[in-house]
There are 2 protein chains.
Amino acid sequence: MAESSNAIGVAESRTELSNRSRASQGFPFGTTLDWRRLTQIQGLSLRQSVINKPTTVLRQGQIASSFFVLVDGWGVKYKQLGNGRRQILSFLLPGDPATLGALSQQPMAHSVQLLPDSVVDEFDPDAINRKVQDSEDLQAFISATYDNELARADELLTSLGRRSAKERIAHLMLEFDARLSSRSAIVDGYIVMPLRQRHLADALGLTTIHVNRTLRALRDENLIDVRGGVLRILHRDRLVALANFEDSYLSVGTLPA
Amino acid sequence: MAESSNAIGVAESRTELSNRSRASQGFPFGTTLDWRRLTQIQGLSLRQSVINKPTTVLRQGQIASSFFVLVDGWGVKYKQLGNGRRQILSFLLPGDPATLGALSQQPMAHSVQLLPDSVVDEFDPDAINRKVQDSEDLQAFISATYDNELARADELLTSLGRRSAKERIAHLMLEFDARLSSRSAIVDGYIVMPLRQRHLADALGLTTIHVNRTLRALRDENLIDVRGGVLRILHRDRLVALANFEDSYLSVGTLPA
DNA sequence: GCCGAAGCTTAAAATTGGTTAATTCAGAAA
DNA sequence: TTTCTGAATTAACCAATTTTAAGCTTCGGC
């Protein structure tokens, strides 16, 4: 095809790119970005592990030793500050890559910890990098993952900067719900959420005490019920209204359904 | 080389990858991630424009039409919320890509605005995507850019979540200083910073009034002087101590000097 | 069944930061 | 010059959130 630079030509070549990205080379990245599909490829996974106790798989300032994919359970990506302060940057859910930075083999500015009862698959970053060279789909999948992570970081940023404590909590719970739903990991409206109030506080820029109060307020209003490691969304529409929740940011990077 | 899985074997093959990434294909991504080098490539840039008035080059929910590189000036990446609230997600400085998302041609969850007196270079995303297929270096450069943007988003998140107003402002000013220095864009200790207090407020999760108060306090302490679109860092060491500023996050993605 | 640790809950008191509102200032337009 | 507008500044007051300090509950280990 000629390298035309008029509007129509550009549009055509975009369509072509789009098709190329969708072409099946093992990683058509449809409506989800579920890295567990990497587990399916024969001989690529080094091992699968069950996590018993909180396990740090990456320390800030260090290079990730392996590329980990969270198969089941929860993880947190965070920064530790001097005076004991901690900021949780993102929560890892099943299907998420835990150490994306392993691919670039450079020191990262954050730590990653997996919570008990998680399951991870471990890969050799070089093996993946070699595969990337052969697969445009895998390249696109990685870029899409980056876009998605950035979009979520940006939304959390928005919560911390411009939402009230109540809105932040409501918003985060709705995000969990949406992310887990899209990977069909919700049973009976229960969400198993093994987080302490401390986790929510450290993610949302609040104190545990205020998280506690706010959770109580949300429960009193019959919106959500967080208790015993289980999250129940009781009245989603009112919750969505309260938080001004708009789920489109979660599909940044994915292709339309 | 055999696919050995012991520690030494893995380390060796990592070294090999590292060398491959450094190999010169036009984008060895040394100690900076300056996208203006893309401008040098003959016939790739569509046009260069000087921005007179605030110009939105990407609207949230839409697909970026072009890949823009900020050659000179300032830009903001932000989210607009319902009730008039705005959250600035990142400031764009010379050398930064303004619409990285143009490469994936998918709707973005944020907007990008360039401020007056900026200069941008405009590229056809498809042309770049074609080049990516031929150049492992360019692929690595893009990944490095993503890593870097994520690291900066994470640091801002940390500011909003766990730093006081004073620390936030001090930290941001030091980031500007560091980012501009690494691209040798500072003259005589002056930093031309055409931002309103509103910009700082919307980035740092504060009100303009409080930003004003805090700037005043910092000026009274002889730490910085922000006035008339110019930032002066008066006493860097004390400022670094106040903000607990640690610049390593800014080199995430780049190779050691 | 007791104990200790971790997590949760509650209640002041203290602080940070937000709101409202009025004043000044600088530059553009008339 | 005068006027107009957006931005910066200041002050007084107020609200949200943190801090501090207890008490309480749950649960695994002994």
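What you see is a predicted model, and the numbers here were worked out from it, not measured in a lab. Quick note on labels: first sequence line is chain A, next is B, and so on, each numbered from 1.
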Without decimals, in angstroms, what is the distance between [X] [atom1] and [N] [atom2]?
X        : N      : atom1 : atom2 : value
A/Leu215 : C/dT10 : CG    : C1'   : 15 Å
A/Arg162 : C/dG18 : CZ    : C1'   : 11 Å
A/Arg227 : D/dT26 : CZ    : P     : 10 Å
B/Ile169 : C/dT16 : CD1   : P     : 15 Å
B/Arg219 : D/dA8  : CZ    : P     : 11 Å
A/His210 : C/dC8  : NE2   : C1'   : 16 Å
A/Leu160 : D/dT17 : CG    : P     : 12 Å
A/Lys166 : D/dA15 : NZ    : P     : 16 Å

Are more than 12 heavy atoms, taken from residues, nucleotides or ligands other than A/Arg198, located less than 6.0 Å from that residue's CZ atom? no

Mark yes when over 12 heavy atoms from residues, nucleotides or ligands other than A/Arg183 sit less than 6.0 Å from its CZ; otherwise mark no. yes

Between B/Leu206 and A/Arg213, name the one whose nearest nucleotide on DNA chain C is closer to the 5' end.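 Upstream on the strand: A/Arg213.
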
Map B/Val211 and A/Ile209 onto DNA chain C by nearest heavy atom, then report which one ends up closer to the 5' terminus.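 Its nearest nucleotide lies further toward 5', so the answer is A/Ile209.
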
Among the candidates D/dT17, C/dT9, D/dT19, find the nucleotide nearest to the side-chain atoms of A/Arg216.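 The answer is C/dT9.
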
Can you check whether B/Gln197 has a side-chain N or O nearer than 4.0 Å to OP1 or OP2 of D/dT9?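 Yes, because at least one side-chain N or O of B/Gln197 sits under 4.0 Å from OP1 or OP2 of D/dT9.
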
Is any side-chain nitrogen or oxygen of A/Asn212 closer than 4.0 Å to OP1 or OP2 of C/dC8? no

Select from B/Arg196 and A/Ala165 the residue whose nearest nucleotide in DNA chain D is closer to the 5' end of that strand.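 Final value for this comparison: B/Arg196.
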
Parallel, tilted or perpendicular: which describes the rings of A/Tyr146 and B/Tyr146, with under 30° parallel and over 60° perpendicular?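 Judged by the thresholds at 30° and 60°, the geometry between A/Tyr146 and B/Tyr146 is parallel.
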
Tell me whether the rings of A/Phe176 and A/Trp74 are parallel (<30°), tilted (30 to 60°) or perpendicular (>60°). perpendicular

Hey, does [X] reach any base, or is it just sugar-phosphate, or nothing, if we go heavy atoms under 4.0 Å?
X        : answer
B/Gly205 : sugar-phosphate
A/Gly228 : nothing
A/Arg163 : nothing
B/Thr208 : nothing

Salt-bridge contact A/Arg85-B/Glu167 (side-chain N to carboxylate O under 4.0 Å):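 Result for this pair is yes, salt bridge flagged.
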
